Protein chains: 2
Amino acid sequence: MPRPRRASPDRILAAAATEFAARGYAGARVDRIARRARVNKAMLYYHFRSKEELYRTLLRQTFERAGERLRAIAASRAAPAEKLDRAIEGIAAFVAEYAFFPSIMLREVAEGGAHLDRRTLAALATVPAAVGAIVAQGTAARAFREVHPLAAYFSIFVPVVVYLAGAPIRQELAARHLVNGAALSANAFVGHMQDAARRALAPDPATLQGPPHR
Amino acid sequence: MPRPRRASPDRILAAAATEFAARGYAGARVDRIARRARVNKAMLYYHFRSKEELYRTLLRQTFERAGERLRAIAASRAAPAEKLDRAIEGIAAFVAEYAFFPSIMLREVAEGGAHLDRRTLAALATVPAAVGAIVAQGTAARAFREVHPLAAYFSIFVPVVVYLAGAPIRQELAARHLVNGAALSANAFVGHMQDAARRALAPDPATLQGPPHR
DNA sequence: GTCTATACTTCGATAGAC
DNA sequence: GTCTATCGAAGTATAGAC
């Protein structure tokens, strides 16, 4: 028998996502989360032991889903360059679905994972691991030049996340006439990053002897 | 007559930098800032009207210094590709000097500039503007292919900032044995980004027509 | 400029009825 | 599972002496 609407725990998690993304762990208010989820505070504490447990549950769930999606791309049969394109589009699609993801990821990086337990940190680590796997596959297949997987993660994947996270502040800057120049749509930026990634990873034609890495 | 040590306002700003970087605006505690600066809370409020004013002062000062440094590189006589290398090294050097910069920048992006007034937002905007200027110069001189300056900022500059901001969480992940693979030093990553930037901006051979400047 | 002591507020969490 | 009411801790900011 289908429920007419989401149960309390799910509504609480959804409300928590909005609140934590906008204000961070310390800035988030349990009262606001409860109100937005249309439950009272006691109900929230009935389902989640504490603010911290709610936070960890949200992050673990989100990181696991992002990691799963990227691992599925890594495990597909496509060519390395194709996987890379799909991974970059994939993260943009993931953010379209989970709009709070970039803010929360950025905040946790800035904070050094201070509020996270081992399980949640492990879930977070699946994201760079999946991107690194795609790059390593490409390198092994000689479709990509030799690049440190973590370097690839930061130069290919991180810009997309930060670009999407930065939408509010760009809007704020535009509204106050503090920037000039043409706008840059999310789609255009995704295309730019796919292009940049291909160029960054393209094997050197004359590289079959050794890379003169500066 | 030289002071034996920094005056109170400077010590407060230095202490605030550490605290705000580690815990964010909401998580920062005025008591901790005062204690670290070796002043009492009343002294802090004597020099700064409020927690918010202290925060804005710190950020404005920091963004202005970062922007100045990048504008100096943009205004130098070097070739575009050389300027790009210097800008990437420059931001790494800036972070070595102002270690709190990446965390604070990331947090403000995540927060959409919520705590910032117009002046401080304007100071923040000088950073992408300076990077965009270097890219635009290169494009005009036909040393770079046509790339949206903001796209270049996010694909070249942001990764360095996030990589450096991510040092604590990488250390945490390593300590808990949640990552595998060789380490990647900050210097190696800077080199990687210089390389990636050159490749991303290299003009298409078919487009090379006019004589490159300088 | 510097201090101690404290007023005022907000927030996370719980008690206890239904 | 759900609610109202409230406690106790912690935090920002200020008063007022020196």
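Naming: A, B, ... by sequence-line order, numbering from 1 per chain. Bear in mind the structure is a predicted one, so any value in this text is a computation, not a measurement.
Of the options Ile88(B), Leu70(B), Val135(B), a side chain to side chain contact (heavy atoms under 4.5 Å, CB included) to Phe157(B) is made by Leu70(B) and by none of the others.
Put simply, Ser8(B) has a side-chain N or O that comes within less than 4.0 Å of OP1 or OP2 on dT2(C). At least one side-chain nitrogen or oxygen of Asn40(B) sits closer than 4.0 Å to the OP1 or OP2 atom of dC3(C). One finds a side-chain N or O of Arg29(B) lying less than 4.0 angstrom from the OP1 or OP2 phosphate oxygen of dT12(D).
In this structure, the ring of Phe20(A) has its center less than 6.0 angstrom from the ring center of Tyr55(A).
dT12(D) atom P lies 9 Å from atom CD of Glu19(B), rounded to whole Å. Distance, His47(B) NE2 to dA13(D) P: 16 Å, rounded to whole Å. What separates CZ of Arg38(B) from P of dC3(C) is a distance of 11 Å, to the nearest Å. As a whole-Å value, the separation of Lys51(A) NZ from dC11(C) P is 9 Å. Between Leu44(A) atom CG and dC11(C) atom P the separation is 15 Å, expressed in whole Å. As a whole-Å value, the separation of Tyr45(B) OH from dA15(D) C1' is 14 Å. In this structure, CG of Leu54(A) is placed 10 Å from P of dA13(C), rounded to the nearest angstrom. Following rounding to the nearest Å, Arg35(A) (CZ) and dG12(C) (P) show an atom-to-atom distance of 13 Å.
Of all nucleotides listed (dA15(D), dA13(C), dG1(C)), dA13(C) comes nearest to the side chain of Lys41(A). Out of dG1(D), dT4(D), dG12(C), the shortest distance to the side chain of Asp31(A) is found at dG12(C).
With sequence neighbours excluded, the residues forming a salt bridge (Lys or Arg N to Asp or Glu O under 4.0 Å) with Glu172(B) are Arg176(B), listed by chain and number.
Put simply, CD on Gln194(B) and CG on Asp85(B) are 4.0 Å apart, with the number rounded to the nearest 0.5 Å.
Comparing Val30(A) and Ala42(A) along DNA chain C, the residue whose closest nucleotide (by nearest heavy atom) sits nearer the 5' end is Val30(A).
Between the side chains of Arg65(A) and Tyr98(A), at least one donor N or O lies within less than 3.5 Å of an accepting N or O.
Residue contacts shown for Ala28(B) are limited to sugar-phosphate atoms, with no base heavy atom under 4.0 Å away.
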